[in-house]
Amino acid sequence: MDLCCTGKMGQSVAEAALRAHVELVPYTLCGPNDVLTRSHVEVGGVQLELVPPAVRDATVADLKARYPNLMMVDYTLPDAIHSMVDFYVAHDTPFVMGTTGGDRARIHAQVEAARTFAVIAPNMGKQIVAFQAMMDMMAKSFPGAFAGYKLRVVESHQSTKKDTSGTAKAVVQSFVEMGIPFDVSQIELVREPKAQVELMKVPESAVHTGHAFHTYQLVSGDGSVMFEFQHNVVGRTTYAEGTVDACLFLAARIAGKAEQRLYNMIDVLRAGDMR
Ligand SMILES: NC(=O)C1=CN([C@@H]2O[C@H](COP(=O)(O)OP(=O)(O)OC[C@H]3O[C@@H](n4cnc5c(N)ncnc54)[C@H](OP(=O)(O)O)[C@@H]3O)[C@@H](O)[C@H]2O)C=CC1
Ligand SMILES: O=C(O)C1=N[C@H](C(=O)O)C[C@H](O)C1
């Protein structure tokens, strides 16, 4: 497995891969400025050589020859997502992508058309994936069940996160199908540390290091009925463990020459492949 290991999720997935005894290829893609200050990152005692965008095409061609089962894991940034997908597709490299943002429909269409093996999902945490699947099933079984209700969505993340939560956007889609008119631009973003601690009850230790506190509140038109769904995650471990599950799932599909090439995390969960 090769990763984009310079960021918070990349590091965490690399640690989870080592815990699961998955072989880490000793290279990691990085952003253009990273190599100005260092040449390697270390994960669990393993030195990974940084590969900046300027040399990534030549490097991946070499790595594919040396590691025929190479799979790449992408936790870059919304600004980079389309160029990263172009890269995996151009090299026909199987990939697991947790990065949020971009034009998701365009990405799915591109990967489907190229027939590159991939798992792409805005959330890799097992129980959150199950929650997403449950909301999706509810929407499919009972479309319009919440017609007349008002929806409020609030999500808090570390202040370095610039985009709106991809998970929240995906969940909102199910509520829209249940009859609530709502645009993702109405999702309320909390990025100020003071509000995170005082209003969202985020532990101070997780304000900067990484957290994802989501609340979805649905209130009936006359205000007499209220539903609230909440998932609050401190740290990165749940996503990192799920990412390793996705890699093992994808490796099995490749080995079995599966006809389906593009998957999401609900597929991984349904297959019973989340630990
Ligand atoms: N699916 C899921 O379960 C989860 C998804 N995420 C998503 O993952 C993404 C990353 O999150 P997080 O790790 O917290 O962010 P970080 O900012 O910590 O890490 C992003 C890393 O990507 C690097 N990078 C940027 N551009 C490129 C490029 N072209 N090639 C290679 N590397 C690049 C950055 O390098 P530099 O600093 O040099 O720019 C940085 O090290 C976000 O979209 C987030 O929403 C996060 C958690 C869970
Ligand atoms: O950036 C994060 O931290 C997270 N990003 C994903 C998202 O945008 O939904 C998943 C989780 O919320 C953590």
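For clarity, every value in this text was computed on a predicted model and none was experimentally measured. As the structure lists them, so they are numbered: ligands from 1, and atoms in each ligand from 1.
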- prompt: Is it the side chain (CB and beyond), the backbone, both or neither of Lys169 that lies under 4.0 Å from ligand 2, heavy atoms counted?
  reply: neither

- request: Mind checking whether Pro122 contacts ligand 1 via backbone (N, CA, C, O), side chain (CB onward), both or neither, at a 4.0 Å heavy-atom cut-off?
  value: backbone

field: Sub-4.0 Å heavy-atom contact, Thr160 with ligand 1
entry: no

- prompt: Which one holds for Glu155 and ligand 2: side chain close, backbone close, both close, or neither close, with close meaning a heavy atom under 4.0 Å?
  reply: neither

task: Check whether the ring centres of Phe182 and Phe175 lie less than 6.0 Å apart, and answer yes or no.
output: no

Candidate list Arg236, Arg19, Lys126, test side-chain hydrogen bond (donor to acceptor under 3.5 Å, both in side chains), partner Glu241, passing option: Arg19

query: Does a donor on one side chain and an acceptor on the other come within less than 3.5 Å for Asp136 and Gln173?
result: no

query: Taking both backbone and side-chain atoms of Ala212, is any N or O found less than 3.5 Å from an N or O belonging to ligand 2?
result: no

message: Can you confirm, on distance only, whether ligand 2 has an N/O atom lying under 3.5 Å from any N/O atom belonging to Lys161?
response: yes

- line: Among non-hydrogen protein atoms, atom 11 (C) of ligand 2 lies closest to Tyr239 OH, 3.5 Å

query: Within 45° of the axis and under 6.0 Å from the centre of the six-membered ring of Phe117, does NZ or CZ of Arg253 qualify?
result: no

statement: Honestly, for Thr167 the part within reach of ligand 2 (heavy atoms, under 4.0 Å) is both

